[in-house]
Number of protein chains: 2
Amino acid sequence: MDSEYHLDDLIQALATPRGRSAIAVMRVSGPGCIEAIARVFSRPDVLKKSEGYRVHHGWILDENGGRVDEVLVTVFRVPSSYTGQESAEISCHGGPAVVDRLMELLRTIGFRDAAPGEFTFRAFSLGKMDLTRAEAVREIIDARTDRARALAVSRLAGSVKSVIDEVKDAVKHQAAVASLALDYPEDEAEPVPFDSELIRVSRDSLMNLIQTWRTGRLYRDGLKVTFAGPANAGKSSLFNLFLREERSIVTERPGTTRDWVEAWVSLDGIPLQLIDTAGLRRETDDPIEVEGIRRTRELLAGSDLVVAVADGTEGPAAAVALEREEMTVLSEGAGIAEDPSQTGDRLIRVWNKSDISPEAPEGWIPVSALTGTGFSELEEEIRSRALGGGAAPEADAPVIDSARQKDLLERAVSALDRFSDGVGLGENAPVDLLAEDLHEALDALGELTGTVTRTDVLNTLFSEFCVGK
Amino acid sequence: MDSEYHLDDLIQALATPRGRSAIAVMRVSGPGCIEAIARVFSRPDVLKKSEGYRVHHGWILDENGGRVDEVLVTVFRVPSSYTGQESAEISCHGGPAVVDRLMELLRTIGFRDAAPGEFTFRAFSLGKMDLTRAEAVREIIDARTDRARALAVSRLAGSVKSVIDEVKDAVKHQAAVASLALDYPEDEAEPVPFDSELIRVSRDSLMNLIQTWRTGRLYRDGLKVTFAGPANAGKSSLFNLFLREERSIVTERPGTTRDWVEAWVSLDGIPLQLIDTAGLRRETDDPIEVEGIRRTRELLAGSDLVVAVADGTEGPAAAVALEREEMTVLSEGAGIAEDPSQTGDRLIRVWNKSDISPEAPEGWIPVSALTGTGFSELEEEIRSRALGGGAAPEADAPVIDSARQKDLLERAVSALDRFSDGVGLGENAPVDLLAEDLHEALDALGELTGTVTRTDVLNTLFSEFCVGK
């Protein structure tokens, strides 16, 4: 870990967002931090003698005994604290001037500002949580929708860790079998009694976890869904229907550009980033419009899904032309998109104004943005494409969303596959190499939960936390 | 108070600002709120049996037993809580999705969202704090500088209330004397034994408080200081010198207008809103420039202080012309300014580029924005004008900044003045009217601390609080 991260330093951070509010909470941690805080607290002895999980009312006083603020101080003792160290939380009035003065005062008595994620790093270093749970802490805070929160909370509760721990136990047991065989080569005539079935089951558990990654990412990062089509097709009406019907998370309407409008909504907990493009299609020489068209095409190419909205009243020919156009843009931009093989799968065809139009052509979803008819079919289509046809995960299912975890799981699976292949050779199985395969799998899983640590990985992981966590 | 403000309702609010952060704190209050929270807490019995000032670790669970978040719950029992009621604080992960889900869940078990200031209103209603201290809570949160915070903290600690209480005691005593005289009119031949000296001293205490109002407002709202003068005089260099030398609070540079640049700095705890104008002075027909000039003049007219920056190298004649110009603008705009009589006092004359200029004319402060020479003299001039020549208040001095408090103090002083005039009549003093004067003073002071309450006043006062306080 970074050399700045000395576990014995007294660290402090504002644990709540800056801004005017009822209260703000300062968090401090480190050996002796209660004694230090007591020096600026109006009831020092009470604080020093306090047990953990106790709250004390009083005033923070400056060097001259002047009142800084009326506060509540919560005391945490080893090991029952977030970091595992002696810690405290100071709950003060939520004013920026108060927070600034408090932080300044704490600096003068030996506290330094904590780095992002430093409290959680301490918790990890002192064995309070493994890396899958540490990552879950950040993921809970970053969750865009309630389902994303639920999946991250389930990871925090240990759903992923318990799968990994079970596999680790199985692999360790087989590694012990290999050790024994290597230590007592006299038995070499007999095939080593490996439990291939156990390793197969373990390998499948890991594969199942790997397969949750796509879903985990979906709930974490969401899906970019862009509306395309001619200006009169009713894209904006459809866009607004989503804002009305779905729970709108954040609505951003950049005032500086007229090119597109953007909003986040939640579709059964899947965050959708909806983008309503200006629908520029006509040939033009105006450099501003040309630039607008270029940006719209870029947007479409970079979208996870494109909803092509045809004006049903214009008849099937218009729909076919639109489809051809969008498919061209999508295949052009396939290089930008995540999965170029799915160019066609990214297009959803909407036959708008279905209430006053002839019947929709094959493959087009009839929708009336005006009456709302067909809207739930459109939602279902988006949901189904998003989940790749699968079902939404249970809220407490073990689901991973970290690329780091996925890569390590894949490393473990490869090692277990090599092991199984080797065991398949029967008497000729090279036991020393099989043992190596098992240790390779254990290393990958150890790195995943953090029992095997790599400084660079830890630095990256914790630097993504907010300060105060 | 507003009919929405039932003291027995279970209320909830997010007490920390919205946003991604290490933790967020939900605050709840109301009779039975601990029992209610226990229904969604993983360790209900622990919570129900908990004493006050205890913290409990656990999970908030939804209707189906699903984990919402890992939390710390702090229990407060009657009367040792902020509101004086049974209360709790739930410290959860600082993610918007967590906070939304928690608030939603609490609503389903009987909590309603608190109105702004409702927690403090309960504290006031249940006798936990008088109105001067309730107002101080908001003022601490709103404080722009450390000095403003210190003055508000001193009010919270009771500095203003103790002055008022002392005066109230004295006035009550005299009111009792008047009562006695009215009840036993047989003694009417003797003059009623009022203690005029006591009332005079009380009246002076109140006057002293009234006189702190200007200072209180100064530290609370700050001073608008606009730099004016020709484009080449070095206004921006001076402006930037302030940003470098003083502690910059918030720097706002509106990107949409080129008319002026604005920044807040703290001058010994006085918040200064510095405005650097474009310095448009020349005659023009361009409608955009005309509009710019109009806005600059409006800014100057609405400023508390105008720093006229002359280019010293252009000699005294240029300074005289500039002074005349600014005085004209200031007197034109006097209607907008707070105190029209002080037109001249609002102008500070700076002789910039003093390092390469002839000597400054009488009344001009020689400054070199380049070398920094004369900068502290300019600061001193601003500070002196701001404080009206007086000294800065001690951090723990009783200082008021509320217009409401000032008006009530003035009402009390008038009543006491009428009383003193009446007592001066000796034997002919109309005791019944004198008694009324004393009660009028007591009413005003009672309204100030909140023992006499007026619904409309309370509504206004508490609606200015943030939600959760």
Side-chain angles (χ1 to χ4, degrees), chain A residues 13-25 27 52-57 59 64 66-70 72 74 76 80 89 91 93-98 100-101 104 119 137 139-150 152-154 156-157 249-250 395-396 465-469, chain B residues 13-25 27 52-57 59 64 66-70 72 74 76 80 89 91 93-98 100-101 104 119-120 137 139-150 152-154 156-157 249 395-396 465-469:
Chain A
L14 176 64
T16 48
R18 276 192 81 84
R20 284 182 63 234
S21 59
I23 62 172
V25 179
R27 185 178 248 188
Y53 279 64
R54 294 285 188 278
V55 181
H56 303 283
H57 171 264
W59 294 83
N64 309 313
R67 292 187 173 94
V68 173
D69 197 15
E70 193 176 9
L72 292 178
T74 307
F76 298 96
S80 301
E89 283 177 7
S91 175
H93 286 94
V98 174
D100 286 348
R101 184 69 189 93
E104 198 182 293
F119 290 88
V137 166
E139 289 154 5
I140 291 173
I141 292 170
D142 288 346
R144 286 182 203 277
T145 69
D146 192 52
R147 180 56 68 105
R149 172 204 57 76
V153 164
S154 150
L156 178 62
I249 306 171
V250 180
D396 56 356
F465 279 66
C466 44
V467 170
K469 196 77 217 182
Chain B
L14 175 63
T16 48
R18 274 190 82 85
R20 285 181 62 233
S21 58
I23 63 172
V25 179
R27 185 179 247 186
Y53 280 63
R54 294 285 188 278
V55 180
H56 304 284
H57 172 263
W59 294 82
N64 309 313
R67 292 188 174 93
V68 173
D69 197 15
E70 193 176 10
L72 291 179
T74 307
F76 299 95
S80 300
E89 284 178 5
S91 175
H93 286 95
V98 174
D100 287 347
R101 184 69 189 93
E104 198 182 294
F119 290 87
T120 309
V137 166
E139 290 154 3
I140 290 173
I141 292 170
D142 288 347
R144 283 182 204 278
T145 68
D146 192 53
R147 181 55 67 106
R149 172 203 58 75
V153 164
S154 149
L156 177 64
I249 305 172
D396 57 356
F465 279 66
C466 45
V467 170
K469 196 76 217 183

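These values consider heavy atoms only, across backbone and side chains, with no hydrogens, waters or symmetry-generated copies. First the proteins, then the strands, lettered A, B, ... as listed; each starts at 1.
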A:Arg20 side chain to B:Ile141 backbone, donor-acceptor under 3.5 Å |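 Flag not set: sc A:Arg20 to bb B:Ile141 has no pair under 3.5 Å.
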
For the pair A:Arg149 (side chain) and B:Val68 (backbone), establish whether a donor and an acceptor sit closer than 3.5 Å, ignoring hydrogens and angles.
->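 Side chain of A:Arg149 to backbone of B:Val68: a pair is present.
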
Checking [X] against chain B: side chain, backbone, both or neither under 4.5 Å from a heavy atom?
X        : result
A:Asp396 : neither
A:Leu14  : neither
A:Val467 : backbone

Specify the closest pair of heavy atoms between [X] and [Y], including all atoms of both residues, with the distance to one decimal.
X        : Y       : result
A:Gly468 : B:Ala22 : O-CB, 3.0 Å
B:Pro17  : A:Gly19 : CG-O, 4.0 Å
A:Cys466 : B:Ser21 : SG-C, 3.6 Å

At a 4.5 Å cut-off on heavy atoms, which part of [X] comes close to chain A: side chain, backbone, both, or neither?
X        : answer
B:Ala395 : neither
B:Val25  : side chain
B:Thr16  : both
B:Phe76  : side chain
B:His57  : both
B:Arg18  : backbone

Chain A contacts, top residue of B:Gly94, B:Ser91, B:Ala24 (heavy-atom pairs, under 4.5 Å) =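 Answer, by heavy-atom pair count under 4.5 Å with chain A: B:Gly94.
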
Most contacts with chain B, counted as non-hydrogen pairs under 4.5 angstrom, among A:Val98, A:Val153, A:Leu72, A:Thr74 |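 Sorted descending by pairs with chain B, the first entry is A:Val153.
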
Option that, when pairs with chain B are counted at under 4.5 Å, heavy atom only, ranks first among A:Ala150, A:Ala157, A:Pro96 =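 Highest number of heavy-atom pairs under 4.5 Å: A:Ala157.
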
Answer yes or no: is there a side-chain heavy-atom contact under 4.5 Å between A:Ile140 and B:Asp69?
->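 In contact.
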
Going by heavy atoms in the side chains, are A:Arg67 and B:Leu156 under 4.5 Å from each other?
->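 A side-chain contact under 4.5 Å is absent here.
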
Would you please test A:Asp146 and B:Glu104 for side-chain contact (heavy atoms from CB on, under 4.5 Å) and show each step?
-> CA-CA 11 Å; A:Asp146 192 52; B:Glu104 198 182 294; over 6 Å; no

Gap separating the OH atom of B:Tyr53 from the CZ atom of A:Arg54, nearest 0.5 angstrom |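 The CZ atom of A:Arg54 is 13.5 Å from OH of B:Tyr53, to the nearest 0.5 Å.
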
